[in-house]
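Hydrogens, waters and symmetry mates are skipped; everything else that's a heavy atom, side chains included, is used. All figures in this text were calculated on a predicted structure; none of them were measured in a lab. Letters go in sequence order (proteins before strands), and every chain restarts at 1.
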Amino acid sequence: MLATISKPRVLLPLLSLVVVVGGWELVGRSINPLLFAPPSVVAQQFAELLATGELQRAATITVQALFLGYALAVVAGIPFGIVMGAWERFGDILQPYLYAIFSTPRVVVVPLIIVWFGIGFEARLFLVFFWSAIAISVNTAQGVRHARPDLVEVARSYRANRVQMARHVLIPGAIPFVVAGLRIGAERAIVGVIIGEMFLQIVGLGGVIQKGSEELLPAKMLCAVVIIATLGTIIVTLLDTFEKRFQNWKGDAA
Amino acid sequence: MKDATVDVPAIELRGIRKTFALSDDENAQRVLALDGIDLSIRQGEFLTIIGPSGCGKTTLLRIIASLILPDDGEVMVEGETVREPGLKRAMVFQTFGLFPWKTVIDNVMFPLQVRNEPAETARETAMHHIRQVGLDRFVDAYPHQLSGGMQQRVGLARALSTGADILLMDEPFGAIDAQTRELMQEELMRIWQEEQKTVVFITHDLDEAVLLADRVLLMSRGPGRVRETIPVELPRPRFDYDVRGHEGFAKVRGHLWQALRNDLVEQRAEETS
């Protein structure tokens, strides 16, 4: 049982990695080196950037704003979403504004953010926090509102109060929505931090991309892209683990 | 033992009337679902309610549970008017209503937890009723791991754990396969006799209505009214012999069937005219 399941899970991704990297290498070698770079050249550039410490410094800056901003978004966004979902009137009042902000392109408020927060760490932190918090809140509120009416009635018949209703019925039922919100929030947090680093202050991994573009060094840009992609993968994998832990009652986690 | 309050009905309904709006619009047309229901259920009585689908059986039960309020009329529980769910009534739901994220024991403990009972006593009470319905081996299982019959046993254990005198059961065995249903009926009768509860039991199954009841309430099709109540005087315990073969059983069943059939035929005629 274990062997049949775990084998393809490791083998297939490994195989696909070989194919993708191999293909990239083949294509990369045949394109003008000012426009694109094969993995071998990227690896070389990677080693150089590591040696000078530039990549570590950039990644540290990015990860700090990203993780702190995202953590704040989770801590603020979930409770806010629960309140919005459980207190209908409150949610009704706020929903249109949140949807408006949720669907506004991020870049258009960059000038505003400069006015409010300058171009430094706080500005980037705000970008990350604000966008992902809204995604998390909106999804959480939706999950709370989609509670199964039959279970709400059960709890009501046993005289559960508002807090007990939230704790025993609304929140557990909303977990799949919350996890979806955390995923969207993570994606928006990554985009937010990179936008901040490319358009506010040229720092971090976004800055590395911007500089690579100015210096006509595609390999340098791709180094940053690879790290960003890896960060994204790590976050999504952590969320998967979290989801399975909290939904063991569904029986499909095993 | 039941004391001087024995003369007070467990449940008394006075002039219950209920309409529903056809849409969310305030001026929307309203349909009459229940029209002037008067009913008195004595303590310890097993009352089954049967009627054509759409006659408002479930609405009536939800009104008795105070999950919804009537437009007119009064619900009294042991002599007191009620307007919200209370500790003397416990409901068993057609679709079981178990929390999928809670284990069997946590589901059964839920009403006690909500009441802030100490965890130790809550657990003991819950375990007692889980044993009573024969699920002690599944204490830590999740609902999705149980069959329909087992899930409803959990629902029953949960209602019993409240210690309520009155069980309100909304087609509790409707979603359970026929063989398991017979077993569940037998067990319910056994528990009812052990615990001396008052039971109000909705069903659309004629056999079930007669088999379980001290009295069968027959409702007319919408708007729901009490058409008649028929006492069932078959010897108990009824699982000791073949009730369905008893002459009294056939008599009551035949009477109910005739009445239900007339209702259906009339409805058919109205729909096609």
Side-chain angles (χ1 to χ4, degrees), chain A residues 1 78 81-82 85-86 88-89 91-92 95 139-140 142-182 239-254, chain B residues 58-59 61-69 82-104 106-117 122 140-146 151 154-155 158-164 166-170 175:
Chain A
M1 197 58 184
I78 294 179
I82 291 171
E88 275 187 32
R89 228 168 269 157
D92 283 342
Q95 198 138 344
N139 270 276
T140 304
Q142 220 162 35
V144 170
R145 285 193 174 195
H146 275 83
R148 277 173 50 188
D150 59 326
L151 296 184
V152 171
E153 182 150 275
V154 170
R156 229 159 53 75
S157 85
Y158 291 116
R159 299 162 58 93
N161 61 33
R162 234 180 222 294
V163 174
Q164 290 165 333
M165 183 72 82
R167 181 178 150 212
H168 293 284
V169 186
L170 305 182
I171 295 174
I175 295 256
F177 287 81
V178 174
V179 173
L182 291 178
L239 286 176
D240 276 344
T241 319
F242 168 83
E243 189 173 21
K244 279 179 188 163
R245 242 192 90 97
F246 277 83
Q247 301 205 43
N248 53 354
W249 49 268
K250 269 193 176 165
D252 53 14
Chain B
T58 294
T59 304
L61 195 72
R62 294 178 71 219
I63 286 174
I64 297 175
S66 299
L67 285 169
I68 50 177
L69 291 173
V82 291
R83 293 186 64 79
E84 51 185 71
L87 301 175
K88 287 176 179 163
R89 291 157 292 165
M91 184 116 168
V92 178
F93 297 82
Q94 185 178 7
T95 50
F96 317 139
L98 302 182
F99 301 113
W101 43 81
K102 287 183 187 287
T103 57
V104 167
D106 286 340
N107 264 292
V108 176
M109 275 170 65
F110 173 75
L112 304 169
Q113 221 178 344
V114 162
R115 255 189 244 170
N116 296 320
E117 275 198 27
D140 294 316
Y142 284 96
H144 78 92
Q145 297 169 308
L146 307 177
Q151 290 191 40
V154 180
R158 176 171 64 186
L160 290 170
S161 79
T162 64
I166 299 164
L167 293 183
L168 305 175
M169 308 182 77
D170 182 13

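In this structure, chain A has a heavy atom under 4.5 Å from the side chain of B:Asn116, while its backbone stays farther away. For chain B, the nearby part of A:Gln164 is the side chain; its heavy atoms alone come within less than 4.5 Å. Heavy atoms closer than 4.5 Å to chain A are found in the side chain of B:Arg62, but not in its backbone. Using a 4.5 Å cut-off between heavy atoms, B:Phe110 touches chain A through its side chain atoms alone. When heavy atoms are compared at a cutoff of 4.5 Å, B:Gln145 does not approach chain A at all. For B:Ala141, no part lies near chain A; criterion is any non-hydrogen pair under 4.5 Å. Contacts of B:Leu168 with chain A are absent, with no heavy-atom separation under 4.5 Å from either backbone or side chain.
Ranked by heavy-atom pairs under 4.5 Å with chain A, the list B:Pro143, B:Gly86, B:Ala65 is led by B:Gly86.
In this structure, A:Tyr158 contributes its side chain and B:Met91 its backbone to a donor-acceptor pair below 3.5 Å. Between the side chain of A:Arg159 and the main chain of B:Arg115, no donor-acceptor pair closer than 3.5 Å is present.
Aromatic ring centres of A:His168 and B:Phe99 lie farther apart than the 6.0 Å criterion allows.
In terms of heavy atoms, A:Leu151 sits closest to B:Leu98 at CD2-O, 3.5 Å. In this structure, A:Ser157 and B:Pro85 approach most closely via the heavy-atom pair O-CB, 3.7 Å.
Heavy-atom neighbours of A:Arg167 CZ from other residues, nucleotides or ligands within 6.0 Å: at or below the threshold of 12.
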ask   = Please walk me through it: do B:Phe93 and A:Val154 pass side-chain contact (heavy atoms from CB on, under 4.5 Å)?
value = CA-CA 8 Å; B:Phe93 297 82; A:Val154 170; 3.6 Å; yes
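Separation of atoms CG (B:Asp170) and CD (A:Glu153) is listed at 9.0 Å; rounding is to 0.5 Å.
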